[in-house]
Amino acid sequence: QVQLVESGGGLVQAGGSLRLSCAASGEISRITAMSWYHQASGKQRELVATITNSGTTSYTDSMRGRFTISRNNAKNTVYLQMNSLEPEDTGVYYCNAVYRLPLGISTTYWGQGTQVTVSS
């Protein structure tokens, strides 16, 4: 199993920046990719960015250029640097890990989420 703990959320003015962190613990050797998701109030959770074990990154088009996902393997931590924040970026940000099970099956783990509020 894997445990994920997010931190770094808070209140920021539009145009500002925040860096979210997601610390992973447990059987992290079985993690194949980690992602950040955003859930605005009353809306579905949506993918923001993903980083694989090989370091390949991908982004949702609306976030590309403003957000950067990265990781520190020594700290077992994934980050989301968010710049030029907009009020629409307000919501809960969740960390997600894809965990490889035997026989080629994967499952996912979620953190508890961290609240980001962007004021206009």
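For the numbers below, each heavy atom of this structure counts, side chains included, while hydrogens, waters and symmetry mates do not.
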Heavy-atom closest contact (Leu47 atom, Ser35 atom, distance) | CD1-CB, 3.7 Å
Side-chain donor or acceptor of His38 paired with backbone N/O of Asp89 under 3.5 Å | yes
Would you say Glu6's side chain and Gly113's backbone share a donor-acceptor pair under 3.5 angstrom?
-> yes
Examine the side chains of Glu27 and Tyr99 and answer whether a donor and an acceptor come within less than 3.5 Å of each other.
-> yes
Can you tell if the side chain of Ile69 reaches within under 4.5 Å of the side chain of Val78, non-hydrogen atoms only?
-> yes
Side-chain touch Tyr59/Val48, heavy atoms, less than 4.5 angstrom | no
Examine distances only and state if a side-chain atom of Thr77 and a backbone atom of Lys75 form a donor-acceptor pair shorter than 3.5 Å.
-> yes
Would you tell me whether Ser17 and Asn83 have side-chain atoms, one donor and one acceptor, within less than 3.5 Å of each other?
-> yes
Look at the side chain of Thr114 and the backbone N and O of Gly9, then say whether any donor-acceptor pair between them is shorter than 3.5 Å.
-> yes
Near-ring test Tyr37/Trp110, centroid separation under 6.0 angstrom = yes
Taking all atoms of both residues into account, what is the closest heavy-atom pair of Ala24 and Leu4, and its distance?
-> CB-CD2, 3.7 Å
Does Arg71 count as lying over the ring of Tyr79, i.e. NZ or CZ under 6.0 Å from the six-ring centre, within 45 degrees of the axis?
-> no
Can you see which heavy atom on Gly91 is nearest to which on Gln115, and at what distance?
-> O-NE2, 3.5 Å
